[in-house]
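Contents: one structure, followed by commentary.
Each ligand, and each atom within it, is numbered from 1 in the order the structure gives.
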Amino acid sequence: MTDRTGRLEGKVAVVTGAADGIGHAIARAMAAEGAHVVMGDIDDAKGEAAAAALRSEGCKADFRHCDVSVEADIAGLIAEAIAKGGRLDVLVNNAAIAIGGMPVHEMTDEQWHRLIAVNLTSVFRACKYALPHMIRQKSGSIINMASAQGHIGLDGWTAYAGAKGAVMSMTRQMAVEFGPMNIRVNSISPGTINTPMNEKVIAELGDHVARAWVKMHPIGRIGKPEEVAEAAVYLASDAAGFTTGIDLRVDGGLTAAPRFVPDLV
Ligand SMILES: NC(=O)c1ccc[n+]([C@@H]2O[C@H](COP(=O)([O-])OP(=O)(O)OC[C@H]3O[C@@H](n4cnc5c(N)ncnc54)[C@H](O)[C@@H]3O)[C@@H](O)[C@H]2O)c1
């Protein structure tokens with residue numbers, strides 16, 4: 001772990017989808033900054049191992065099984081944070097799935113409902129269970145994982161983009177509603193990040209997609225999970241005390257401008 005300065009010392013943070021990818025990087029970074037991290041995921045083996053690894057490094061971390069599409073699991077995860085840490089300062093709604101790569105008329109109702117349950121309804125529910133604690137404390141930071149795809153269009157990802165757009169709208173709405181209670185609500189929109197989610201997309205759609213992704217980012221590469229984690233640590237920290245209702249793009253310039261890349265066409 002890199003040198004840290006205890007930016008989240010004394011805080012209790014819940015991170016969903018924390019066993020792998022961006023969520024895992026966020027849990028690691030927050031724990032390294034002194035937070036007690038309560039990690040939820042459907043992958044119990046990876047999640048338990050990730051929490052145990054953090055504890056072996058002297059960090060405070062617990063894992064609990066949490067399928068974010070199951071209301072009781074979300075309630076249990078928040079309750080675990082209160083039971084273990086005595087408070088709830090940070091909620092990172094990170095878990096999501098990528099169902100896409102097909103036009104709207106080829107998507108089944110079942111795929112649509114699954115995506116909305118995991119990527120959108122989960123955010124509503126986690127906020128619903130977390131907010132009473134934050135309201136009582138008169139403080140809190142909610143960080144919702146959105147996506148560059150909530151800002152720009154990409155063939156085949158209408159449902160995913162729709163859910164991410166809704167996550168951003170809900171973020172703004174809640175920032176307004178709960179600002180007077182000193183609860184900040186922000187989202188992060190990553191560009192393409194090197195995670196298992198994208199390995200799966202490349203396996204399904206082919207290597208040419210990976211090459212195209214690199215070219216679509218003006219910075220000339222895709223991102224690392226740790227680069228998104230840094231943004232989450234900032235938004236969780238007191239240094240972001242006057243920052244609410246924003247969407248922080250961590251996207252290598254992907255959404256800054258449409259790029260004409262001749263050898264892609
Ligand atoms: N990777 C990217 O390029 C990228 C870009 C923009 C936004 N995002 C967003 O960042 C977040 C993390 O993406 P990632 O690439 O790290 O994903 P990932 O698929 O690599 O990892 C997701 C983690 O969530 C867990 N998970 C899956 N379904 C779950 C469920 N129902 N309940 C609880 N946990 C579940 C998985 O087990 C895994 O540990 C997502 O919200 C995603 O939409 C990712």
Just by distance, do the side chain of [X] and the backbone of [Y] share a donor-acceptor pair under 3.5 Å?
X	Y	value
R184	T244	no
N186	T171	no
E48	F63	no
T195	I22	no
K46	A18	no
N144	N93	no
N94	G17	yes

For [atom], what's the nearest protein heavy atom and its distance?
atom	result
atom 7 (C) of ligand 1	A146 O, 3.3 Å
atom 2 (C) of ligand 1	N198 ND2, 3.3 Å
atom 20 (O) of ligand 1	M197 N, 2.9 Å
atom 42 (C) of ligand 1	Y160 OH, 3.4 Å
atom 32 (N) of ligand 1	V68 N, 2.9 Å
atom 21 (O) of ligand 1	D20 O, 4.0 Å

Quick one: does [X] get an N or O within less than 3.5 Å of an N or O on ligand 1?
X	value
T195	yes
G40	no
T192	no
I193	yes
I22	yes
P190	no

Using heavy atoms and a threshold below 4.0 Å, how should the contact between [X] and ligand 1 be classified: side chain, backbone, both, or neither?
X	answer
I42	both
A98	neither
H24	neither

Between [X] and [Y], what is the shortest heavy-atom contact and its length?
X	Y	value
I222	W213	CG2-CB, 4.0 Å
L235	T243	CD2-CG2, 4.0 Å
A61	M39	CB-SD, 4.3 Å

Check: R28 and E57 side chains under 4.5 Å, non-hydrogen atoms
yes
Within the 4.5 Å heavy-atom criterion, are K11 and D238 side-chain neighbours or not?
yes
Among [options], which one has a heavy atom closest to [atom]?
atom	options	answer
atom 33 (C) of ligand 1	P225, C66, G17	C66
atom 37 (O) of ligand 1	L77, V228, D41, D43	D41
atom 11 (C) of ligand 1	D44, N94, N119	N94

Considering only heavy atoms of [X], which atoms of ligand 1 have at least one such atom less than 4.0 Å away?
X	value
D67	30 (C), 31 (N), 32 (N)
M145	9 (C), 10 (O), 11 (C), 41 (O)
A95	33 (C), 34 (N), 35 (C)
G21	16 (O)
P196	20 (O)

I'd like to know whether ligand 1 has [X] as a neighbour, heavy-atom separation below 4.0 Å.
X	result
E199	no
G191	yes
A18	no

List the steps and the verdict of salt bridge (charged side-chain N to carboxylate O under 4.0 Å, His left out) for D62 and R64.
CA-CA 7 Å; D62 290 292; R64 183 185 169 101; over 6 Å; no
Can you find a side-chain donor-acceptor pair between R136 and H133 that sits under 3.5 Å?
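The criterion, which ignores hydrogens and geometry beyond distance, is satisfied for H133 and R136.
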State, without any angle test, whether S187 and D247 hold a side-chain donor-acceptor pair at a distance under 3.5 Å.
yes
